[in-house]
There are 2 protein chains.
Amino acid sequence: MELSSSLEDYLEAIYNVIKVKTAARATDIAKKLNVANSSVTNALQILVNRGLVNHAPYDIITLTPKGRKIAKQIAWKHEVFRDFFTTVLAIDHDTANKCACSIEHIIPDLVVERFVQYLDFERRCKYGGKRWVDGFGFMRNEIPDEKDPCEICKEKQESNARSKK
Amino acid sequence: MELSSSLEDYLEAIYNVIKVKTAARATDIAKKLNVANSSVTNALQILVNRGLVNHAPYDIITLTPKGRKIAKQIAWKHEVFRDFFTTVLAIDHDTANKCACSIEHIIPDLVVERFVQYLDFERRCKYGGKRWVDGFGFMRNEIPDEKDPCEICKEKQESNARSKK
DNA sequence: GCAGTAAATTAGATTAGTCTAAAGTTATTA
DNA sequence: TAATAACTTTAGACTAATCTAATTTACTGC
């Protein structure tokens, strides 16, 4: 049974609150997602019906094993995308989070897996790793052969040298 | 005035049909987006009201300058993402297209711009460029210093050498 | 030039997700 | 313990996007 982006957001929010507080209240979720309390009530009823959330009226909110599993998966995607946006694309933390939050519901697992592999390679490979320099663009963190950098890095090295005079 | 993902899809579909046919018909759009004809009529009325599309009942469909500008922007994002998914992450064309199609409405221009820069750097830098090998993972297209590859690439070289015996 | 077909529109229904306002419940504290 | 505050739920309305079925319009081939 497919979950809408909206319901996934609720599930993820519950998951994140529970990580800190052991159980969630409707208001926590409402604040986190910036929606009305009644919208939370509405979503909870659906999630309870689908067996993803434990909740009786006026009671606290927890996840069923099934719900936790799904929530974890969503949170994982969020992490991967935030990581990618911040470390690879050098996007500011806030924008990275927002982007992650919207695409996490859309990109299939297989593609997220590929992002993970890419991040991993970029980190572990000796010749991997770039950084973003405002007003210049991307450049390698370390140039494998200092005497023979690529054209772009050479450009940067020269402009650096010039500015030091 | 913000456009919904759905309306952006219609605009983009019109743009793509027009690229090939000079003017679009409602059925073209319906087929492209896999929706009922009446849904297209409905969307057209909104887009006409917003000054993005030229269309009188039963007539052909074209874009206003304003509409074309927006459509172009959406199509550009689509291109960038498809490019990224296929060339950087080595995702199959079909999945790449689907992913591009859903995130193109969500990711802000500034972030797409960063993807462009990343793609560009990866292509132009002497030490950039990786490829995906099924069952192995990412590896560099060319190892800068053949005698001193990174650990991951070394692994791959060795397993290649072994399989050639 | 008109009959038949293809295309487009209208009308009306449905669904999901949201909201506000009012009513109900629980917890706090004087 | 009774009043009040804080929280939750219910009720009802609204919007956007879709659908099907029925109607209207336009085109095409004879």
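The analysis underlying the following values was restricted to heavy atoms, covering all of them including side chains, and did not include hydrogens, waters or symmetry mates. Per chain, numbering begins at 1; letters A, B, ... match sequence-line order.
- Side-chain to base pairing of A:Y58 with D:dT9: no donor and acceptor N or O lie closer than 3.5 Å to each other.
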Return all side-chain donor-acceptor pairs below 3.5 angstrom for residues 13-26 of chain B, not counting sequence neighbours, or 'none' if the list is empty.
unit_1	atom_1	unit_2	atom_2	d
B:N16	ND2	B:E12	O	3.3
B:K21	NZ	B:D28	OD1	3.4
B:K21	NZ	B:D28	OD2	2.9

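- Considering only side-chain N and O atoms, B:Q45 lies nowhere under 4.0 angstrom from the phosphate OP1 or OP2 of C:dT9.
- Across C:dC19, D:dT8, D:dC19, the shortest atom-to-atom separation from the side chain of B:A36 is found for D:dC19.
- The side chain of A:R25 contributes no N or O atom lying less than 4.0 Å from OP1 or OP2 of D:dC7.
- Contact annotation: B:S6 does not reach the phosphate of D:dA16 (side-chain N/O to OP1 or OP2, under 4.0 Å).
- Within the 4.0 angstrom heavy-atom criterion, only backbone atoms of the sugar-phosphate kind lie near B:V35; the bases stay farther away.
- Checking the phosphate oxygens (OP1, OP2) of D:dA17, no side-chain nitrogen or oxygen of B:S39 falls inside 4.0 Å.
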Apply side chain to side chain contact (heavy atoms under 4.5 Å, CB included) to residues B:L11 and B:L52 and explain how you reach the verdict. CA-CA 8 Å; B:L11 215 54; B:L52 305 175; 4.2 Å; yes
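- For A:S38 against D:dT8, no side-chain N or O and base N or O form a donor-acceptor pair under 3.5 Å.
- Under the 30°/60° scheme for interplanar angles, the aromatic rings of B:F84 and A:F115 are found to be tilted.
- Remark: A:N34 CG is loosely packed, at most 12 non-hydrogen atoms of other residues, nucleotides or ligands lying under 6.0 Å away.
- Positionally, the nearest nucleotide of DNA chain C for B:D28 lies more toward the 5' end than for the other of B:D28 and A:N34.
- The side chain of B:T27 places no N or O atom within less than 4.0 Å of a non-bridging phosphate oxygen (OP1 or OP2) of C:dA6.
- A:A26 comes within 4.0 angstrom of sugar-phosphate atoms only, judged by non-hydrogen atoms across all strands, and of no base.
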